[in-house]
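What follows is a single structure, written as structure tokens, with notes after it.
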Protein chains: 2
Amino acid sequence: MATKQYTGSPEDADLRRADSLARAIFSDVANKWAFLIIEALGERTLRFSELRNEVEGVSHKMLTQNLRMLERYGLVEREVHPTVPPRVEYTLTEPGQALRATVDGMCGWTHQYLGHIEAARRRFDA
Amino acid sequence: MATKQYTGSPEDADLRRADSLARAIFSDVANKWAFLIIEALGERTLRFSELRNEVEGVSHKMLTQNLRMLERYGLVEREVHPTVPPRVEYTLTEPGQALRATVDGMCGWTHQYLGHIEAARRRFDA
DNA sequence: CTGTATCCATATCGATACTG
DNA sequence: CAGTATCGATATGGATACAG
């Protein structure tokens, strides 16, 4: 994410574009709902309603909003079964699976350092 | 982050507490500013003003807010040099460094899949 | 069931002013 | 220089209603 000084040179234009896109992706994807959705989809394909149950506390709106965003970036694939009632399934794509690996890392980190963190928090709050 | 059904049994109380703390940490830390700050501090210790320059686009307020949060969880250490003008340095702790590894992973992921993502986004927007 | 749109309360954020 | 406090503008998110 090194986003520092550019010269005015024309060949920097591409770098600047790539950087700004990278930053946009980073800003959109680095939020808790997206992460929790990716984590849930890591196990298996899920329907909309299943996701609502799996991702504890997510609202209808946040779920659709984040699913659209993830779909837009090609991180999840949306498959509509034209039945009635409709059935829509969400699956992680390969880039999505790759991202999931890093989210998994963060989940592991959270549990590994839970003790440290809880202690630090108590110390700080005192 | 598996946060599913609990029985009413008393021994589940600890699990529930741990889970809710883990979720709180996750919710607080999984935001772009925290990530970008951690990323910047990964290289070396930085002062407040240096961080403002390194973390492009962060406001005074967001920077202090996130630094406090990271300090509270024991992810960064704040060292005040009682000089005048004051000099405050921020350093990643060991848990912070560990988290940085996963954030690095996400940065790497972003750049690796930039092409895929940009293509997907264009397809979606059309 | 899935998805969009709307309303409305609250949270977020940037700008600014001010203190040690 | 570092940090807090305040104030508006804006975004976020939940609840609800409705459509395919």
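Computation of the quantities below employed the complete heavy-atom set of this structure, encompassing side-chain atoms and omitting hydrogens, waters and symmetry-equivalent molecules. Reminder, nothing fancy here: chain letters follow the sequence lines and each chain counts from 1. Because the structure is a prediction, the values reported are computed rather than measured.
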Walking along DNA chain D from 5' to 3', note the first and the last nucleotide with an atom under 4.0 Å from a heavy atom of chain A, and give both.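 Range of nucleotides touched by chain A: dG13(D) to dG20(D).
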Mind checking whether Phe48(B) and Tyr90(B) have parallel, tilted or perpendicular rings, split at 30° and 60°? tilted
Using 30° and 60° as the class limits, which term best fits the ring planes of Tyr113(B) and His116(B): parallel, tilted or perpendicular? perpendicular
Between [N] ([atom2]) and [X] ([atom1]): distance, integer Å:
X: Glu79(A); N: dT2(C); atom1: CD; atom2: C1'; value: 15 Å
X: Met62(A); N: dT10(C); atom1: CE; atom2: C1'; value: 13 Å
X: Met69(A); N: dG3(C); atom1: CE; atom2: P; value: 15 Å
X: Lys61(B); N: dT16(C); atom1: NZ; atom2: P; value: 14 Å
X: Arg68(B); N: dT12(C); atom1: CZ; atom2: C1'; value: 18 Å
X: Leu67(A); N: dT4(C); atom1: CG; atom2: C1'; value: 14 Å

Can you find a side chain N or O atom of [X] that sits less than 4.0 Å from OP1 or OP2 on [N]?
X: Arg47(A); N: dT2(C); result: yes
X: Thr64(A); N: dT2(C); result: no
X: Tyr90(A); N: dC1(C); result: no

Does the distance from a Lys or Arg side-chain N to an Asp or Glu carboxylate O, for Arg52(A) and Glu50(A), drop under 4.0 Å? no
I want to confirm an ordering. Mapping Val88(A) and His60(B) to their closest nucleotides on DNA chain C, which one lands closer to the 5' end? Val88(A)
Would you classify Arg52(A) as touching base, sugar-phosphate or nothing, given that sugar-phosphate means primed atoms plus P, OP1 and OP2, and contacts are heavy atoms under 4.0 Å?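 No contact.
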Does a side chain donor of either Asn66(A) or Asp28(A) reach within less than 3.5 Å of an acceptor in the other side chain?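 No - no donor-acceptor pair under 3.5 Å links their side chains.
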Gap between atom CD of Glu89(B) and atom CG of Leu41(B) - 0.5 Å precision: 11.0 Å
Go through it in stages, so that I can follow the logic: the residues are Leu92(A) and Glu77(A), the test is side-chain contact (heavy atoms from CB on, under 4.5 Å), and I'd like the CA-CA distance, side-chain angles, deciding distance and then a yes or no. CA-CA 6 Å; Leu92(A) 246 39; Glu77(A) 194 196 314; over 6 Å; no
Taking the side chain from Thr64(A) and the backbone from His60(A), do they hold a donor-acceptor pair closer than 3.5 Å?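 A pair under 3.5 Å: yes.
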